[in-house]
Asks: 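One structure is given below, represented as structure tokens, and several questions about it will come after.
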Amino acid sequence: MKIQKQISRKIFIRWTVRLILGISLWIWYRLTRFQTELENKIEFVHGEDIPLGVSYFGKYYIFHSENSTRAFSTTCTHAGCRIGKGSEAILQCNCHGSQFDGASGKPLKGPAIKPLQEFDCSFNKQSGQWIVKFHRDPS
Amino acid sequence: MDINKIKKLIQFDTAGWIAISGLLICVLSGILLAIPYDFTHSFESVTGILLFNPSATLVRNLHYWSAQVFFIFTIFHIYDHLNKSTETNIRNSRTWLILCIVLATLGYEMISGFILKGDAGGIQARRIIASLLRNIPLAGNMLSSALTGSEENWQIIYIQHVATGTIILFIGVYEHVKRIWPKPRSFALIFVLLLLISLLFRAPLGMVESSQIKGPWFFIGIQEILHLSSHPSYVISLIGVVFSVFYLIPRMSQRIRRIIKWFLFVGGILYLSITFCALLFRGENWQWQGWNDFRKSDEKLVIFNPVNLFNSDSIVFTPENQKKEGCLVCHGTTTGLSESHKPATIGCFACHKGDPFTSDKVSAHRNMIKIPGNFSNVRQTCGTQNCHPDMAGRMLNSLMTTQSGIIGVDKFVFGETPSLNDTFQVKNLGHSAADTHLRNLCASCHLGNDKLTTGNSAWLERGGGCNACHLHYNDEALKSMKRMQSKLPASGFGVHPSIDIQVSNDRCKSCHSRSGRISLNYEGWNETTLKASAVTDSVHQKVLPDERVVEYVQSDIHHQKGMACIDCHGSYEIMGDGKHQVHKEDGVKVQCMDCHLAGNPKSVLVARLSDRESQMVAWLRKIDPKNSLVVTAKGEYPLMNTRVDSSERIWLTGKLTGKNHLSKPPSPICTKGKGHNRLSCESCHTSWVPQCIGCHNAFEKDTKGYDLLTNKQVTGTWVEYAGIGFARAPVLGVSDKIPGKIVTAMPGMVMTIEKESFGKGEGTKFHRLYAPASGHTTVREGRGCKSCHNNPLALGYGDGVLIYRISGSAGKWVFEPKFARNEHDSLPEDAWVGFLKEGRLPNSTRSWLRPFTVKEQQHILEVGSCLTCHDVKSKVMEGALEDYSKIRLQRKRECIMPDW
Ligand code: FES
């Protein structure tokens with residue numbers, strides 16, 4: 001009876017610790033998610049006259065051509081460095097040498113193999129502005 | 001002293017205790033460093049420490065070097081244990097786990113310390129670590145947010161570095177040895193040693209906009225592995241495996257432990273080799289670089305920069321909005337540079353290198369590049385990824401750098417290459433007869449020739465990379481330079497020569513006054529064989545700085561209107577388009593027809609310019625985005641100083657003068673009928689070209705000369721003895737590039753070469769090669785009909801009397817040359833082709849250029865025979881222009897056609 005009581009306390013404590021650990025991890029997980037979502041809820045606006053070719057804006061760039069206007073992330077899909085302006089319509093990552101095609105975001109030279117993340121880029125007729133969103137509107 | 005005593009003195013303590021001493025010093029210096037350090041402006045605060053706070057600099061150095069000691073001796077300590085197999089002493093798996101966590105924390109502390117400098121390497125390293133952590137299954141995002149924070153907020157990484165990491169390290173140490181205080185003697189010794197090192201050697205700091213990203217030395221191996229792998233998750237797995245194996249070591253059997261240790265040891269050696277290799281031979285964008293590039297790069301592993309703790313100079317602060325560079329303490333008020341190159345905006349280091357993080361004059365100027373923009377340093381200066389990488393890349397392939405065409409033709413006449421269409425690079429010249437000929441006579445005119453002295457480029461100082469065109473000293477800048485060179489006090493404040501795009505004709509002249517001499521032609525001057533002492537007419541004659549005498553003939557209409565070379569020739573021509581071109585006509589994009597055309601011009605809106613360079617020029621020249629610019633037919637390059645107005649008229653603005661010129665369409669005669677549609681504009685509108693014949697080349701082995709490629713004096717040189725020269729209308733020929741097009745030509749290589757004299761050939765080689773002429777002597781009025789159809793010069797026969805003789809009902813063309821016939825090919829000295837003869841091959845410096853065939857000569861002369869009777873303005877001739885065949889059929893009986 002005494003042994004049983006001891007064991008059950010041990011188990012109780014073990015489970016309590018696990019529970020606390022679990023709850024802490026869950027809170028940590030939720031906190032991280034909220035924070036990431038918050039950081040991604042940003043919009044950037046640009047005037048109508050975006051020049052042709054690549055226009056670089058730090059976290060993203062806009063590629064404007066006769067037929068389309070697209071925004072891409074400047075985070076390298078290889079290991080997360082910020083890619084910079086390369087030559088003309090090519091973007092260059094100086095960390096390990098990847099190159100991306102500005103028009104499509106596709107990698108031209110490795111080590112990166114995935115295309116750059118595309119952001120939502122739409123024209124608001126009312127304000128006459130281009131809006132770049134880091135998140136996608138729930139539709 | 002016996003060897004054991006020395007050994008004992010060096011090994012004054014175990015690696016573990018040395019590491020702990022390092023840790024303590026690191027933590028103590030870290031506490032002090034927190035006072036001047038500001039994580040919200042990390043880079044600025046670190047530069048502020050380096051520039052204005054010597055004590056804080058010392059503390060920062062101490063923090064850095066003690067961390068290195070802690071890291072390296074911890075590794076030694078682990079090695080010692082594994083080597084002696086004493087890891088089994090730690091039977092408690094919890095302690096071993098804590099030690100493994102400590103090891104991971106140590107890695108984190110080292111890398112976060114590197115990140116907190118806030119330079120480009122630090123910023124990118126934060127992103128790489130964040131991304132690597134995110135690759136950890138399940139907990140990746142949580143770990144990444146907790147350990148590296150977000151892009152804008154460095155608070156997390158700072159707190160984890162100073163608090164969490166430090167606490168874990170201390171817990172680990174305490175768990176391991178149950179005390180944290182090393183022996184006082186060891187601690188004191190290490191402290192003194194570290195203090196000494198810190199007084200002399202600065203902890204590294206890169207630039208915030210540097211494009212050379214490597215990371216801290218211990219991370220470079222991982223960087224190389226990352227470069228080789230497209231999947232960073234493999235790298236994080238590899239690190240995970242190493243840690244797991246390490247964690248499991250004490251639980252393994254002795255045999256397996258030995259195998260694991262062997263693998264760890266070999267892996268460690270391999271990792272160090274990769275690190276070393278990448279450290280030296282990886283450059284910008286992780287490309288391979290040579291030893292020289294490494295030496296010239298900003299990367300310095302150990303920076304000797306003693307801390308002057310007793311510096312009592314009154315400190316001059318750089319204003320808040322300026323770059324934080326030590327150079328600006330003295331040179332901050334420098335004027336003369338445009339907005340984009342102003343020191344306040346880009347600092348001094350971007351161009352001149354040196355050491356921007358010291359206020360000590362000697363250290364600051366060490367390794368400084370006095371003349372940036374030379375091609376020997378362009379990749380470190382103007383051409384870095386952040387500045388003008390495209391242009392530098394293009395320039396290195398441009399014709400003005402490679403001299404490809406000049407080399408190709410020269411090698412062809414020496415018989416060293418069978419083709420006229422190969423590409424060459426002047427830097428690769430060897431020592432064959434042609435190569436030596438080029439080295440002695442031509443190899444100075446290329447942009448790779450470094451500018452070695454300050455001041456505006458002198459006439460004979462050719463090359464200089466970007467400086468050849470873009471560096472301009474005005475009087476103030478020259479005075480300022482002299483003052484600076486005199487080293488007088490306060491001479492650092494002054495006027496910098498400007499770096500701009502206002503390139504005057506004089507910049508082109510020292511090279512382009514040679515060969516085709518387009519720079520001289522354009523302004524109306526023709527080179528003579530006169531000596532400087534023989535000049536009598538100071539208005540119509542002048543002496544060039546290299547003592548050549550030129551005589552005024554007639555200048556180009558565009559020059560008369562005030563246009564400069566750069567008004568027609570844009571950056572994609574002058575600096576190249578990136579392709580390794582063969583000849584100059586491959587590089588030239590602009591054609592007369594781009595501005596002088598009958599229909600509507602091809603144009604583009606400034607706002608719709610797609611290339612970055614044109615966008616930048618539009619911004620620099622403040623061109624209205626709503627303007628339409630003319631686009632060249634060849635290659636579709638925008639002519640930045642043109643404007644197409646609403647009536648489709650073309651206006652050109654002088655880049656140097658700001659003057660507007662209305663471009664005229666071609667006269668109706670140019671486009672009338674079929675008669676002349678094969679003619680290029682130049683064939684009628686070039687008033688004259690310089691023509692030299694009979695140039696003799698011999699190698700004189702005792703004569704002193706120059707190797708222009710190395711800029712060294714040599715004994716034994718090729719010498720050129722010029723023949724005679726004239727300024728006269730160009731010869732006409734046919735281009736097979738645009739089939740049948742009539743183009744202008746001039747003597748290109750009419751010369752004899754004494755091959756024997758060089759000792760590597762036999763006899764004398766003679767060539768009569770004509771080159772495509774780009775006269776740059778345009779006149780409004782085109783040449784008349786007779787000037788081609790009845791002119792032996794235009795037809796390529798050379799000077800002489802060309803007469804149409806009629807006897808009875810037969811007509812015959814006869815030609816009596818003025819010059820004697822050359823002994824080698826029996827043609828008159830100034831001829832390109834024999835009278836009514838086919839041209840003998842080779843006859844041109846281009847594969848696509850040729851003189852008229854016999855049939856073509858007959859055709860031209862047949863019209864010439866009409867012109868002997870009919871006036872050029874007569875109905876017959878006007879009709880002939882419309883449709884010659886028809887007029888020929890309608891000819892009267894008394895018309896006597898030539899008998900061939
Ligand atoms: S992070 Fe861009 S290439 Fe590796």
Side-chain angles (χ1 to χ4, degrees), chain A residues 24-40 42 47-56 58-59 63-66 74-99 102-103 107 109-114 134, chain B residues 120 123-132 134-135 138-139 141-146 150-153 209-215 223-224 226-232 235 282 284-287 385-386 389-391 393-394 578 604-615 618 625-626:
Chain A
S24 312
L25 278 175
W26 184 75
I27 293 173
W28 181 6
Y29 168 74
R30 296 291 294 162
L31 180 147
T32 308
R33 263 201 70 178
F34 278 129
Q35 187 60 28
T36 321
E37 274 174 20
L38 203 69
E39 278 160 16
N40 283 343
I42 329 172
E48 210 174 334
D49 51 347
I50 298 174
L52 284 180
V54 173
S55 301
Y56 190 86
K59 282 191 166 186
F63 188 86
H64 188 45
S65 69
E66 295 290 343
T74 49
T75 301
C76 181
T77 53
H78 173 235
C81 284
R82 178 166 292 175
I83 51 173
K85 290 169 259 182
S87 50
E88 284 309 321
I90 294 175
L91 288 113
Q92 171 79 51
C93 179
N94 51 24
C95 283
H96 315 105
S98 292
Q99 287 181 349
K109 193 177 148 209
I113 45 171
K114 283 188 247 156
F134 279 19
Chain B
I123 295 169
Q124 294 285 49
R126 197 204 66 77
R127 293 174 181 143
I128 295 177
I129 300 296
S131 147
L132 285 180
R134 272 197 294 273
N135 273 296
L138 301 174
N141 279 337
M142 288 149 68
L143 281 173
S144 165
S145 315
S150 69
E151 186 75 40
E152 288 79 20
N153 189 353
E209 59 283 274
S210 171
S211 50
Q212 183 144 327
I213 308 295
K214 281 196 179 164
Q223 282 281 79
E224 180 63 30
L226 276 170
H227 168 75
L228 298 174
S229 158
S230 294
H231 302 278
V235 176
R282 288 294 192 183
E284 209 177 44
N285 302 325
W286 214 258
Q287 306 282 354
Q385 197 66 45
N386 295 311
D390 297 10
M391 288 181 210
R394 274 164 41 203
V604 64
L605 258 183
V606 172
R608 305 202 75 74
L609 285 170
S610 59
D611 66 302
R612 201 176 297 149
E613 185 170 316
S614 303
Q615 288 168 359
K626 292 189 204 83

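Every chain is numbered from 1, with letters handed out A, B, ... down the list of sequences.
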Asks: Heavy-atom pairs under 4.5 Å with chain A: which of B:Leu609, B:Leu226, B:Val235 has the most?
Replies: B:Leu226
Asks: Side chain, backbone, both or neither: which part of B:Leu143 has a non-hydrogen atom closer than 4.5 Å to chain A?
Replies: both
Asks: Between A:Gly53, A:Cys81, A:Gly110, which has the largest tally of heavy atom pairs under 4.5 Å with chain B?
Replies: A:Cys81
Asks: Tell me, side chain or backbone of A:Lys59 under 4.5 Å from chain B's heavy atoms, or both, or neither?
Replies: side chain
Asks: Highest number of heavy-atom pairs under 4.5 Å with chain B: which of A:Arg33, A:His64, A:Gln92?
Replies: A:Gln92
Asks: When you compare the side chains of B:Asn153 and B:Ser150, does any donor N or O come within less than 3.5 Å of an acceptor on the partner?
Replies: no
Asks: Using non-hydrogen atoms and a 4.5 Å limit, figure out which bit of B:Glu284 sits close to chain A: side chain, backbone, both or neither.
Replies: neither
Asks: Looking at chain A, which one of B:Arg134, B:Glu224, B:Glu152 has the largest number of heavy-atom pairs inside 4.5 Å, strictly under?
Replies: B:Glu152
Asks: Side chains of B:Asn135 and B:His231: closer than 4.5 Å at any heavy-atom pair?
Replies: no
Asks: Going by the angle between their ring planes, with limits at 30° and 60°, are B:His227 and B:Trp286 parallel, tilted or perpendicular?
Replies: tilted
Asks: From B:Gln124 CD over to A:Cys76 SG, what is the distance, rounded to the nearest 0.5 angstrom?
Replies: 9.0 Å
Asks: Among B:Ser229, B:Ala120, B:Ala607, B:Pro389, which has the most heavy-atom pairs under 4.5 Å with chain A?
Replies: B:Ser229
Asks: Between A:Thr77 and A:Ala112, which heavy-atom pair has the shortest distance, and what is it?
Replies: OG1-CB, 3.7 Å
Asks: Specify which of B:Ile128, B:Leu132, B:Ile123 makes the most heavy-atom pairs with chain A at under 4.5 Å.
Replies: B:Ile128
Asks: Tell me, for A:Gln35 versus chain B, whether the close heavy atoms (under 4.5 Å) come from the side chain, the backbone, both or neither.
Replies: neither
Asks: Once you round to the nearest 0.5 Å, how far does NE2 of A:His78 lie from SG of A:Cys93?
Replies: 8.5 Å
Asks: Where the side chain of B:Lys214 meets the backbone of B:Gln223, is there a donor-acceptor pair that is under 3.5 Å apart?
Replies: no
Asks: Output the distance between atom OG1 (A:Thr75) and atom CZ (A:Arg82), rounded to the nearest 0.5 Å.
Replies: 6.5 Å
Asks: Heavy-atom distance under 4.5 Å to chain B: side chain of A:Leu31, backbone, both or neither?
Replies: neither
